[in-house]
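Reviewing the structure listed below.
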Amino acid sequence: PVQILSYLGGVVKVEETDLKPRMGFLYSIDTHNISVFINATREQDSGRYMCTVNVLDDTIRLDKNVGIINLTVLVPPAVPTCQLHGSAVVGANVTLSCSSKKGKPSPTYQWQREPPTLQVFFPPAQDRARGTLKLTNLSLEMSGVYVCRAENQAGSTNCSIVLEV
């Protein structure tokens with residue numbers, strides 16, 4: 001473990017880490033609440049944080065003096081890339097793919113055909129984890145705008161592709 005913040009002998013000390021300009025105690029120490037804040041969180045701030053409290057002349061018991069919390073910084077998906085694989089001719093099969101380079105946890109994907117012929121797709125045609133949509137036996141009526149939404153707990157974003165059969 002790396003010490004990042006301490007209060008000792010009435011002095012607050014923030015160690016030289018990339019957290020230094022972004023963290024501190026939330027309240028004055030004399031309130032007996034030693035909550036901390038981290039501003040402008042980044043994905044690399046994720047990890048296990050430990051708080052150790054040692055009071056002068058108190059017996060140190062590891063199970064009593066330590067609090068541990070796991071921090072996971074969620075990252076919204078980056079704008080995904082939509083692609084068409086195959087030849088969009090009548091009777092053929094094509095696959096639409098959608099992928100986002102960033103996102104924590106990994107995004108799920110949802111394909112939808114836009115109005116005027118709104119259509120939502122389900123498995124097995126659509127794979128929400130991989131971001132693929134398989135369209136089989138293409139017809140002229142299947143032409144249109146297809147939108148993929150990449151989504152996780154931190155947010156969502158989308159891309160679209162025009163299918164011309």
Side-chain angles (χ1 to χ4, degrees), residues 1-85 95-114 118 120-134 145-163:
V2 176
Q3 185 164 313
I4 52 177
L5 182 64
S6 64
Y7 176 81
L8 194 59
V11 178
V12 173
K13 183 178 178 189
V14 185
E15 301 298 327
E16 293 293 331
T17 67
D18 67 334
L19 285 167
K20 184 173 184 172
R22 303 183 290 124
M23 81 166 316
F25 287 108
L26 194 56
Y27 305 105
S28 170
I29 294 297
D30 55 9
T31 64
H32 303 288
N33 183 328
I34 54 173
S35 299
V36 297
F37 67 85
I38 300 174
N39 289 330
T41 54
R42 303 173 186 157
E43 186 176 1
Q44 58 266 33
D45 294 336
S46 296
R48 188 174 163 131
Y49 288 80
M50 181 170 56
C51 172
T52 307
V53 178
N54 295 318
V55 179
L56 196 63
D57 299 329
D58 190 19
T59 343
I60 296 174
R61 283 183 38 215
L62 292 177
D63 60 336
K64 176 184 170 198
N65 300 49
V66 176
I68 295 173
I69 190 166
N70 289 310
L71 174 67
T72 301
V73 178
L74 303 179
V75 178
V79 175
T81 303
C82 286
Q83 291 182 308
L84 168 69
H85 307 276
T95 299
L96 304 182
S97 70
C98 176
S99 66
S100 183
K101 290 189 187 323
K102 274 189 188 175
K104 187 176 181 182
S106 295
T108 57
Y109 303 95
Q110 174 73 46
W111 279 98
Q112 179 176 301
R113 185 172 168 194
E114 290 293 276
L118 179 64
V120 177
F121 301 96
F122 301 95
Q126 175 169 226
D127 185 328
R128 293 199 60 169
R130 287 193 176 94
T132 57
L133 173 64
K134 292 180 180 170
V145 177
Y146 290 77
V147 175
C148 172
R149 187 177 78 236
E151 181 176 42
N152 67 12
Q153 291 98 311
S156 67
T157 186
N158 58 44
C159 62
S160 63
I161 195 164
V162 176
L163 177 66

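- Note that CD of Glu151 is 10.5 Å distant from CG of Asn158, once rounded to the nearest 0.5 Å.
- Partner of Cys51 under the side-chain contact (heavy atoms from CB on, under 4.5 Å) criterion, out of Val66, Ile34, Val36: Ile34 alone.
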After noting the C-alpha distance and the side-chain angles of Lys104 and Ser46, does the key distance pass the side chain to side chain contact (heavy atoms under 4.5 Å, CB included) rule? CA-CA 11 Å; Lys104 187 176 181 182; Ser46 296; 3.5 Å; yes

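- Gln112 contributes no side-chain N or O that, together with a main-chain N or O of Leu118, makes up a donor-acceptor pair within less than 3.5 Å.
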Applying side chain to side chain contact (heavy atoms under 4.5 Å, CB included), run through Val145 and Arg113 and close with a yes or a no. CA-CA 6 Å; Val145 177; Arg113 185 172 168 194; over 6 Å; no

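- Shown here is Lys13, whose NZ atom has no more than 12 heavy atoms of other residues, nucleotides or ligands within 6.0 Å.
- Residues Pro77 and Lys102 are not in side-chain contact: their nearest non-hydrogen atoms beyond the backbone lie 4.5 Å or more apart.
- One distance of note links OH of Tyr109 with CG of Leu96; it measures 14.5 Å at 0.5 Å rounding.
- With rounding to the nearest 0.5 Å, the separation of NE2 in His85 from CG in Leu133 is 11.0 Å.
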Criterion side chain to side chain contact (heavy atoms under 4.5 Å, CB included) on Asn39 and Met23, from CA distance to verdict: CA-CA 6 Å; Asn39 289 330; Met23 81 166 316; over 6 Å; no

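- The neighbour count for Leu8 CG, taken as heavy atoms of other residues, nucleotides or ligands under 6.0 Å away, does not exceed 12.
- In this pair, Phe121 and Tyr146 present their aromatic rings parallel. The plane angle is below 30°, not in the 30 to 60° band.
- At a threshold of 4.5 Å between non-hydrogen side-chain atoms, the residues Val79 and Ser100 do not count as touching.
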Determine whether Cys98 and Cys148 satisfy the following criterion, disulfide (SG to SG under 2.5 Å), listing intermediate values before the conclusion. CA-CA 7 Å; Cys98 176; Cys148 172; 2.1 Å; yes

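- Expressed to the nearest 0.5 Å, how far CZ of Arg149 lies from OG of Ser156 amounts to 6.0 Å.
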CA sep, side-chain torsions, deciding dist, call: Arg42, Asp18, salt bridge (Lys or Arg N to Asp or Glu O under 4.0 Å): CA-CA 10 Å; Arg42 303 173 186 157; Asp18 67 334; 3.7 Å; yes

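- The distance from the OG1 atom of Thr72 to the CD atom of Glu43 is 10.0 Å, given to the nearest 0.5 Å.
- Gln126 is listed as a side-chain neighbour of Gln110, based on a closest heavy-atom distance under 4.5 Å.
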Applying side chain to side chain contact (heavy atoms under 4.5 Å, CB included) to Ile4 and Val14, what does each step give before you reach the verdict? CA-CA 6 Å; Ile4 52 177; Val14 185; over 6 Å; no

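- Of the options Glu16, Glu15, Arg22, a side-chain contact (heavy atoms from CB on, under 4.5 Å) to Leu19 is made by Arg22 and by none of the others.
- The shortest distance between side-chain heavy atoms of Ile38 and Leu71 falls below 4.5 Å.
- A pairwise comparison of heavy atoms in Trp111 and Gly131 identifies NE1-O, 3.1 Å as the closest pair.
- Looking at residues two or more places apart in sequence or on another chain, you find no salt bridge (charged side-chain N to carboxylate O under 4.0 Å, His left out) involving Arg128.
- A heavy-atom distance below 4.5 Å is found between the side chains of Phe25 and Val12.
- Residues Thr81 and Cys159 fail the side-chain proximity criterion, which asks for heavy atoms closer than 4.5 Å.
- Contact detail for Val75 and Asn152: the closest heavy-atom pair is O-ND2, 2.8 Å.
- One distance of note links CG of Asp127 with OG of Ser97; it measures 11.5 Å at 0.5 Å rounding.
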